[in-house]
Number of protein chains: 2
Amino acid sequence: MQQLLTHITNYAPLSNEAQHALQNCFEKITIAKHEFLLTQGQVCRYLYFLEKGALRGFYNLDGKEITHWFGFEKDFVTSFHSFITQEAAVENIQLLEGSILWAISKETLTQLFNQYHEIERLMRIAYEKYYIRLEERFVNAQFKTASERYENLLQQTPHIIERVPLGYIASYLGISQETLSRIRSKF
Amino acid sequence: MQQLLTHITNYAPLSNEAQHALQNCFEKITIAKHEFLLTQGQVCRYLYFLEKGALRGFYNLDGKEITHWFGFEKDFVTSFHSFITQEAAVENIQLLEGSILWAISKETLTQLFNQYHEIERLMRIAYEKYYIRLEERFVNAQFKTASERYENLLQQTPHIIERVPLGYIASYLGISQETLSRIRSKF
DNA sequence: TTTATTTTTTGACAATTGTCAAAAAGCAAA
DNA sequence: TTTGCTTTTTGACAATTGTCAAAAAATAAA
């Protein structure tokens, strides 16, 4: 929990009252490897902060699993589309490692927004950061070759290589596992 | 200006005071076709609301222009990365048509956030919407074929086809102009 | 360790998309 | 209308990446 508070007060300062309110509203969750935090068709009611562990978001397309993001320590994770719209999720969230998370429901978070302007500000800033991050991934996906995307992964997020099976990484990079294997063999 | 207020109060309700404050802080801008709203290297100090017209965002890569987004009526446009971080922009924003915009500076917007919780809420909600939109584009870019991306464009944003030269659209879809031409010839 | 299962690599070939050059079509200015 | 410029299309060929099948390597279970 201290990790969570430390992390978000990096975004913006928070009064003690707001910090206490947050502390009371997050619930600790421990989940084992391979378990699911969310399965497609469910509405994602929670925003999670990942204290320890790793997980992936994936959806099914033509019978194949498409892994489109990973979460690690200090990440906020959720199915953003489902959490924001409260519609059924098209994606699944599955644990890659046994993990410790802190969860807050959408209703509770909305109440906190109403009570504390500074918490809503925090969320606005968090969205800014996540927007920029996604924009970089988008440009990468759309306008770079498979090799460039892999090299980028090595430089920007090397921890992914160390903690995630190559099959998922290939999917994440938008290439086949075979192509990834060939790229790796000649770097 | 009325269009702007109508649009944003669709996101969330706004008190009369906040509406008036907003009205006073946006500045009207009229720009001709082919002119630039931003060029790479500049810091983007403004967030713009596009009342009438069309524009594109592009950056240079290996001597080529990569068009990665378009803006049309009722869009908020800016170089998000530069506007958020206040670092030099890597992208250019160029008018595709003569346009009418409303501009607000980052400093002014920040002041409004401090004065009106409801305006910061509006921004939080706007980011949510823009995040979802970008996420859809990302999934499209990374995991769909060129033809699928074009069909998607036809269905989701047909106005782009009608108002933007095919060369820019090809770039936007992440394919060569020749490939786009061939895809179109057999739809 | 031995066996079973999963993950990763390799080979052969096919499909997709890109590049370069030139022609055709469209548009604007004179 | 004619001329010049820009945009779009077409052809030939090359490069990239995908698919399928099988082998090899790594990991987990007995």
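Every value quoted in this text rests on a predicted model; they were computed, and no experiment measured them. Labels below follow one simple rule: chain letters A, B, ... track the order of the sequence lines, proteins then strands, and each chain is numbered from 1.
Atom-to-atom, CG of B/Asp62 to C1' of C/dG18 comes out at 14 Å; the value is rounded to the nearest Å. At whole-Å resolution of the value, CD in B/Gln177 and C1' in C/dA24 are 14 Å apart. Here the P atom of nucleotide D/dT17 and the CD1 atom of A/Ile183 are 6 Å apart, to the nearest Å. In this entry the distance linking CD of B/Glu65 with C1' of D/dT7 reads 14 Å, nearest Å. For the pair A/Ile175 CD1 and D/dA15 C1', the computed distance is 16 Å after rounding to whole Å. Computed from coordinates, the A/Leu61 CG to D/dG18 C1' distance equals 15 Å when rounded to whole Å. One interatomic measurement links the two molecules: CG of A/Leu173 to P of D/dT17, which rounds to 11 Å at whole-angstrom precision. Rounded to whole Å, atom C1' of D/dT16 lies 11 Å from atom CZ of A/Arg149.
The pair B/Glu128-B/Arg124 meets the salt-bridge criterion, since a charged nitrogen lies less than 4.0 angstrom from a carboxylate oxygen. Using a cut-off of 4.0 Å between Lys/Arg side-chain N and Asp/Glu carboxylate O, B/Arg56 and B/Glu65 are scored as salt-bridged. Salt-bridge annotation for A/Arg121 and B/Glu120: present, with a side-chain N of the basic residue lying under 4.0 Å from a carboxylate O of the acidic one.
One cannot find a donor-acceptor pair under 3.5 Å joining the base of C/dG18 and the side-chain atoms of B/Arg182.
For the pair A/Lys74 and A/Phe49, the cation-pi test (distance below 6.0 Å, angle within 45°) is failed. Stacking of B/Lys129 on the aromatic ring of B/Tyr11 is recorded, both the 6.0 Å distance cut-off and the 45° axial limit being met.
In this structure, B/Tyr168 is not a member of the same hydrophobic cluster as B/Leu61, with clusters built from ILVMFWY side-chain heavy atoms closer than 4.5 Å.
Positionally, the nearest nucleotide of DNA chain D for A/Ala146 lies more toward the 5' end than for the other of A/Ala146 and A/Glu178.
A sub-4.0 Å separation between OP1 or OP2 of D/dT9 and a side-chain N or O of B/Lys186 is absent. The phosphate of D/dT17 (OP1 or OP2) has no side-chain N or O of A/Thr179 nearer than 4.0 angstrom. Close to C/dT19, at under 4.0 Å from its OP1 or OP2, lies a side-chain N or O of B/Lys64.
Residues from residues 151-172 of chain A lying near DNA chain D, meaning a heavy-atom separation below 4.0 Å, are absent.
In terms of heavy atoms, A/Arg163 sits closest to A/Ala54 at NH2-CB, 3.9 Å. Shown here for A/Ala88 and A/Val43, the closest heavy-atom pair between the two residues is N-CG2, 3.9 Å.
Comparing the local axis fitted to the first five base pairs of the helix from C/dT1-D/dA30 to C/dA30-D/dT1 with the one fitted to its last five gives a bend of 50°, rounded to 10°.
Side-chain contact check for A/Glu91 and A/His68: at least one donor-acceptor pair (N or O, by modelled atom type) lies under 3.5 Å.
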